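A short write-up of the structure that comes next.
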2 protein chains.
Amino acid sequence: MVNESYHHENLKSELIKNGLKLLDEEGYENFSLRKVAKACGVSHTAPYRHFRNKDDLIIAITLKAEHKFNSSLQEAINSYPNDIKSQIKEMGYTYVKFFVENPEYLRLLFRSDLKKHLNNENCKILKDNVQPFGTFYNTIVRYQSENQSNDAGSITDLNALVLACWGLVHGIAVLISTKDFVYEGDYLELTRKILWSETFL
Amino acid sequence: MVNESYHHENLKSELIKNGLKLLDEEGYENFSLRKVAKACGVSHTAPYRHFRNKDDLIIAITLKAEHKFNSSLQEAINSYPNDIKSQIKEMGYTYVKFFVENPEYLRLLFRSDLKKHLNNENCKILKDNVQPFGTFYNTIVRYQSENQSNDAGSITDLNALVLACWGLVHGIAVLISTKDFVYEGDYLELTRKILWSETFL
DNA sequence: CCAACAATGTTTACGATGTCAACATTACAA
DNA sequence: TTGTAATGTTGACATCGTAAACATTGTTGG
């Protein structure tokens with residue numbers, strides 16, 4: 001091996017790692033392939049040996065971010081082993097907290113335009129790995145099966161219940177992290193107040 | 001007047017109009033100043049006589065989009081003149097419907113990174129014109145003042161109630177329009193089911 | 001009426017970016 | 001060992017945002 005720095009060895013994972021870091025530090029708008037390449041100490045077209053284009057790298061980064069997100073949700077669930085209602089509340093709180101602390105991840109995990117350009121392979125990969133959504137969904141399913149509410153007027157349609165729960169926490173996360181909801185107090189405390197009220201579940 | 005096409009007259013409003021159109025047609029990612037300029041039949045730097053930079057034009061477009069959005073919400077409210085509960089439900093439904101039908105507007109109206117770069121003037125302009133948020137907020141305020149619920153466990157904190165209602169509809173809108181919530185049926189029907197249940201208000 | 005001047009539009013130029021083609025280097029398998 | 005695939009580099013090109021210098025037009029005070 002004459003020039004030991006020519007082949008970077010595991011450049012692919014390095015690109016993903018530095019890409020995620022760059023995304024955190026400089027934001028989605030200022031993310032560029034060339035910066036990621038430079039961060040890896042490699043020429044500006046080297047990424048094209050591992051990813052077909054910019055979006056392809058972003059998708060890979062997204063999968064990593066989704067994994068981190070899912071770990072947070074699972075951890076929340078595990079903290080209430082035998083109380084499914086608390087599991088949901090804690091999971092919701094964690095959901096909001098995660099995106100408030102990592103605003104850029106919202107751009108990553110919820111990009112409508114990205115899904116349009118997905119080819120079949122990538123689409124399948126995304127579906128298979130969308131663990132956060134599976135986690136959320138499955139928890140609600142368990143809640144409903146254990147808790148057959150016969151209250152008149154409550155949401156009985158499973159899909160409606162999932163959309164309502166998921167939508168609530170997602171919307172709260174977005175409004176806080178985009179600073180569209182202006183409030184002088186503690187956002188997370190307000191979130192806790194909502195999720196632990198009787199109105200929600 | 002030798003060359004009658006030199007001065008475009010009201011280029012500013014033309015740029016905003018064509019910009020919004022371009023945004024609708026090609027999406028946020030493919031939006032460029034030069035395309036807008038070309039659409040107006042003008043050189044690629046002409047926009048700089050009316051906007052300081054790209055973001056400045058986008059802000060102007062955002063204000064126009066916000067106005068359209070707000071009109072929709074107001075219309076929904078007006079359709080139930082004396083029933084504030086129905087006003088909120090209908091407004092929420094309209095909120096979701098609007099963004100499902102205009103997915104790009106989500107990128108416009110809820111951009112965290114944009115607000116970071118705002119100077120004081122633009123920030124004030126945005127605040128003053130953020131009618132949708134004012135509309136939403138005021139409606140909830142009226143609801144709470146007319147409807148002093150003493151139910152144990154219900155949300156009594158005004159800010160919490162606003163964040164919950166707003167977050168719910170916003171989250172539903174995002175999840176549907178980004179196609180993250182996958183469902184084989186009618187999304188808007190599901191939304192209606194949620195908002196008209198007793199669980200929500 | 002006309003001479004400044006402000007407003008508005010154009011030309012040119014530069015650096016950053018995504019991406020492609022051609023080439024160089026290395027690893028590995030026959 | 002030799003050829004071929006994998007991986008990295010160089011160079012080029014089009015698009016983009018943006019600044020500087022210049023051109024044209026509308027307006028206004030003398």
Side-chain angles (χ1 to χ4, degrees), chain A residues 1-19 21-23 25-62 107-108 111 113-114 116-119 122, chain B residues 1-19 21-23 25-62 107-108 111 113-114 116-119 122:
Chain A
M1 187 186 283
V2 177
N3 182 358
E4 62 178 26
S5 69
Y6 193 98
H7 273 153
H8 196 283
E9 198 49 39
N10 49 5
L11 177 57
K12 183 166 186 173
S13 59
E14 203 76 4
L15 286 166
I16 297 175
K17 192 200 299 177
N18 281 322
K21 190 178 163 201
L22 185 65
L23 224 27
E25 292 172 354
E26 303 199 22
Y28 189 89
E29 309 289 320
N30 299 105
F31 176 85
S32 89
L33 265 186
R34 288 166 108 109
K35 281 182 193 167
V36 180
K38 181 172 283 183
C40 295
V42 96
S43 80
H44 63 274
T45 54
Y48 283 86
R49 299 299 140 192
H50 302 276
F51 304 97
R52 274 173 318 177
N53 50 37
K54 188 185 182 184
D55 265 355
D56 215 38
L57 171 56
I58 291 183
I59 289 174
I61 295 174
T62 301
R107 304 295 293 279
L108 267 190
R111 272 226 303 165
D113 64 298
L114 192 58
K116 278 182 211 156
H117 300 304
L118 285 180
N119 54 32
N122 276 328
Chain B
M1 189 185 284
V2 177
N3 183 357
E4 61 180 26
S5 69
Y6 194 99
H7 274 154
H8 196 284
E9 198 48 39
N10 49 5
L11 177 56
K12 183 166 186 174
S13 59
E14 204 75 3
L15 286 166
I16 295 176
K17 192 199 299 176
N18 281 321
K21 191 179 164 200
L22 185 65
L23 226 26
E25 290 171 356
E26 303 199 23
Y28 189 89
E29 309 289 320
N30 300 104
F31 176 86
S32 87
L33 264 187
R34 287 163 109 111
K35 282 182 191 166
V36 180
K38 181 174 283 183
C40 295
V42 97
S43 80
H44 63 273
T45 53
Y48 284 86
R49 298 298 140 193
H50 301 276
F51 304 97
R52 273 173 317 177
N53 50 37
K54 188 185 183 185
D55 265 355
D56 215 38
L57 171 57
I58 292 182
I59 288 174
I61 295 174
T62 300
R107 306 295 294 279
L108 266 191
R111 274 224 302 164
D113 63 300
L114 191 59
K116 278 182 211 153
H117 300 304
L118 285 180
N119 54 32
N122 276 328

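In what follows, chains are A, B, ... by sequence order, proteins preceding strands, each numbered from 1. Computed from a predicted structure; not experimentally measured.
Crowding of B:Lys35 atom NZ: a count of heavy atoms from other residues, nucleotides or ligands under 6.0 Å exceeding 12. The environment of A:Lys54 atom NZ is dense: over 12 non-hydrogen atoms of other residues, nucleotides or ligands sit within 6.0 angstrom.
As a whole-Å value, the separation of A:Lys12 NZ from D:dT7 C1' is 13 Å. If you take NZ of B:Lys38 and C1' of C:dG9, they are 17 Å apart, rounded to a whole angstrom. Between A:His50 atom NE2 and D:dT9 atom C1' the separation is 13 Å, expressed in whole Å. The interatomic distance linking B:Asp56 (CG) with D:dT18 (C1') rounds to 13 Å, in whole Å. Nucleotide D:dC16 holds its P atom 16 Å from the CD atom of A:Glu29, rounded to whole Å.
Each of B:Ile61, B:Leu33, B:Ile16 was checked for a side-chain contact (heavy atoms from CB on, under 4.5 Å) with B:Phe51, and the lone residue meeting it is B:Ile16.
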Going 5' to 3' along nucleotides 11-21 of chain C, which nucleotides have protein heavy atoms under 4.0 Å from the base (write B), which only from the sugar-phosphate (write S), and which from neither (write -)? BBB---BBBB-

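In this view, A:Lys21 satisfies the salt bridge (charged side-chain N to carboxylate O under 4.0 Å, His left out) rule with no residue, not counting sequence neighbours.
Once rounded to the nearest 0.5 Å, the distance linking OH of B:Tyr28 with CD1 of B:Ile58 reads 4.0 Å. Between the CD1 atom in B:Ile59 and the CG atom in B:Asn53 there is a gap of 8.0 Å [rounded to 0.5 Å].
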